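Here's the structure, in structure tokens; my notes come after.
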Amino acid sequence: MSAAGMYVPPMLIFPRVRMNDELKIGAPAGTLFRAHPSGWMQCDLFVDWFKHFLVHTKPTKDDPVLLILDGHVSHTKNLQFLDLARENHVTVVSLPPHCTHRLQPLDVSFMSPLKTYYSKAIEKFHRDTKGQPVKQANISQLFAEAYAKAAQQTTAENGFRHTGLYPLDRKVFSDEDFAHSNPSPIKVVPKTQFRSRRDSIWFEDDLLGFELSKPVTSDQSSKPVCPEQGPEGPQESTSLEQSPKPGPSERNREEKEEEPTPRDSTLDTGAIINTEPKASLDNDHGIRFRPSDIMPLPGSMVQSNAPKRGRVAEKAAVLTSDNFIKQLRQKKQEKENKDQDLLVTDTEGPKKRRRGVTSTRKNKKLAKKTVSKLPRE
């Protein structure tokens with residue numbers, strides 16, 4: 001899809017090992033067909049698509065082409081594709097991670113109507129065939145109906161305009177669009193410091209807090225009782241039942257109000273917890289909390305102990321630049337050297353084994369044999 005409203009014929013990848021001509025019936029004109037067991041894009045399949053792209057765009061030195069892609073591994077780690085793009089006057093730019101829903105024209109304007117029309121085509125197929133399931137042989141025809149309605153010139157133009165790519169608009173995004181990427185003001189405390197006791201949990205907040213106390217019964221709420229006036233009118237004296245003494249939790253709370261509240265740990269949502277006992281669950285007690293405890297703020301507020309993934313998030317880059325190609329070749333060479341170090345060749349052939357790592361069980365057997373061969377005194 002181009003900014004001028006032109007479309008390159010699509011490529012359909014079927015989740016199978018071999019391609020069948022029956023699957024091509026009813027597809028859009030010029031569609032490229034491929035098969036893969038996973039049904040997802042692979043590096044070699046993307047090279048085939050790029051050759052298909054060159055046939056329809058015909059870039060030259062005087063009329064080069066700018067190709068904007070997301071950061072999928074088949075784009076950013078595909079040396080064969082990048083070399084082919086440099087040879088054919090195509091400049092490839094990758095988008096930042098987690099931004100395609102706002103920066104990629106296909107995601108902004110094309111994919112949503114395509115899914116809608118494809119769902120309607122499937123519903124119509126079910127009505128016409130009285131509920132028969134959709135098979136792989138029906139996919140090309142159903143996709144062609146949806147693609148013909150979604151691939152409009154105005155759809156492509158709106159996609160590039162709303163993303164600010166063409167015409168170029170640096171102010172297409174406001175400060176509100178970047179609000180979720182701002183760092184949270186809540187102090188991050190390691191999760192290992194979290195300690196809570198069932199009989200003493202207290203939520204606090206410096207700015208805003210709410211208190212939940214013992215619920216009032218219907219009789220008490222409808223007929224309030226005070227030392228000066230009872231439910232039947234003024235009274236000179238009140239009994240112990242009418243003027244209950246403050247419970248231990250209330251006395252404890254009044255004594256602790258003037259003392260600074262220690263902050264030892266935090267909840268998963270970032271709420272501050274005082275591990276010192278303030279009230280017992282058996283008596284009247286209160287719990288203070290803040291709105292973020294009910295609806296946590298977006299993002300991770302607590303450091304997780306889970307191991308981090310080894311894959312590093314990619315950044316926006318010009319994939320066909322000399323610097324990027326050089327770094328990619330160096331990483332590929334380092335990986336090949338590392339894999340070569342793990343290969344140990346013996347008389348039977350190459351075997352994958354880490355150097356310096358031997359089986360503990362074999363060492364024990366070898367030690368027993370050695371001891372048994374030693375001369376006895």
Side-chain angles (χ1 to χ4, degrees), residues 1-8 10 41 46 49-50 53 56-57 59-78 81-82 85-86 88-117 146-147 149-188 207 270 291-292 295-301 311-325 327-328:
M1 185 175 80
S2 67
M6 305 299 292
Y7 290 83
V8 175
M41 179 63 73
F46 188 74
W49 174 87
F50 185 69
F53 171 81
H56 290 84
T57 56
T60 60
K61 185 177 181 180
D62 298 331
D63 187 17
V65 172
L66 174 63
L67 181 60
I68 302 175
L69 303 170
D70 56 17
H72 193 262
V73 65
S74 61
H75 309 155
T76 60
K77 306 298 183 183
N78 197 342
F81 153 65
L82 297 178
R86 288 161 61 93
N88 290 273
H89 314 288
V90 177
T91 302
V92 184
V93 177
S94 65
L95 297 174
H98 312 295
C99 296
T100 55
H101 65 292
R102 299 300 302 273
L103 287 178
Q104 192 170 20
L106 281 173
D107 288 357
V108 171
S109 64
F110 180 75
M111 289 300 180
S112 179
L114 178 64
K115 293 178 181 178
T116 302
Y117 291 132
Y147 183 79
K149 297 178 181 179
Q152 302 295 329
Q153 180 179 356
T154 56
T155 302
E157 294 175 353
N158 292 335
F160 278 86
R161 183 174 63 255
H162 291 164
T163 55
L165 296 177
Y166 186 85
L168 183 62
D169 186 4
R170 298 180 182 273
K171 298 181 180 180
V172 68
F173 300 114
S174 61
D175 295 338
E176 297 177 356
D177 298 322
F178 299 94
H180 296 290
S181 61
N182 295 333
S184 174
I186 298 179
K187 182 180 179 181
V188 178
L207 302 177
S292 60
M295 183 177 293
L297 297 175
S300 178
M301 298 293 111
R311 186 173 59 184
V312 181
E314 300 292 340
K315 298 181 180 180
V318 181
L319 303 184
T320 50
S321 61
D322 296 336
N323 189 22
F324 187 86
I325 296 293
Q327 293 178 0
L328 190 59

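Worth knowing before you read on, the calculation uses all heavy atoms, side chains too, and leaves out hydrogens, waters and symmetry mates. Just so you know, these numbers come straight off a predicted model, no measurement behind them.
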Ignoring hydrogens, what is the shortest heavy-atom contact between [X] and [Y]? Give both atom names and the distance.
{"X": "Asp70", "Y": "Thr100", "value": "CB-CG2, 3.7 Å"}
{"X": "Thr320", "Y": "Ala85", "value": "CG2-CB, 4.0 Å"}
{"X": "Thr163", "Y": "Arg102", "value": "CG2-O, 3.3 Å"}
{"X": "Gly5", "Y": "Glu157", "value": "N-CG, 4.5 Å"}
{"X": "Gly164", "Y": "Val172", "value": "CA-CG1, 4.1 Å"}
{"X": "Lys61", "Y": "His89", "value": "N-CD2, 3.5 Å"}

What pairs with Gln152 under side-chain hydrogen bond (donor to acceptor under 3.5 Å, both in side chains), at least two apart in sequence or on another chain?
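Scan of Gln152 (side-chain hydrogen bond (donor to acceptor under 3.5 Å, both in side chains), adjacent residues dropped) gives none.
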Checking the side chain of Thr155 only, and the main-chain atoms of Phe110 only, is there a donor and an acceptor separated by less than 3.5 Å?
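No; judged by distance alone, with no hydrogens or angles, the pair does not exist.
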Would you find a donor on one side and an acceptor on the other, under 3.5 Å apart, between the side chain of Ser2 and the backbone of Met6?
yes
Any chance you could measure [X], atom [atom1], to [Y], atom [atom2], to the nearest 0.5 Å?
{"X": "Leu328", "Y": "Ser321", "atom1": "CG", "atom2": "OG", "answer": "10.5 Å"}
{"X": "Leu319", "Y": "Ile325", "atom1": "CG", "atom2": "CD1", "answer": "7.5 Å"}
{"X": "Ile68", "Y": "Thr91", "atom1": "CD1", "atom2": "OG1", "answer": "11.0 Å"}
{"X": "Leu165", "Y": "Leu103", "atom1": "CG", "atom2": "CG", "answer": "6.5 Å"}
{"X": "Phe50", "Y": "Asn78", "atom1": "CZ", "atom2": "CG", "answer": "10.0 Å"}
{"X": "Phe53", "Y": "Phe81", "atom1": "CZ", "atom2": "CZ", "answer": "8.5 Å"}

If you count the non-hydrogen atoms of other residues, nucleotides and ligands that lie under 6.0 Å from OH in Tyr166, is the total more than 12?
no
Which of parallel (below 30°), tilted (30 to 60°) and perpendicular (above 60°) describes Phe46 and His75?
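Aromatic pair Phe46/His75 classed tilted.
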I want to check something: taking the side chain as every heavy atom from C-beta on, are Met1 and Pro105 in contact at a cut-off of under 4.5 Å?
yes
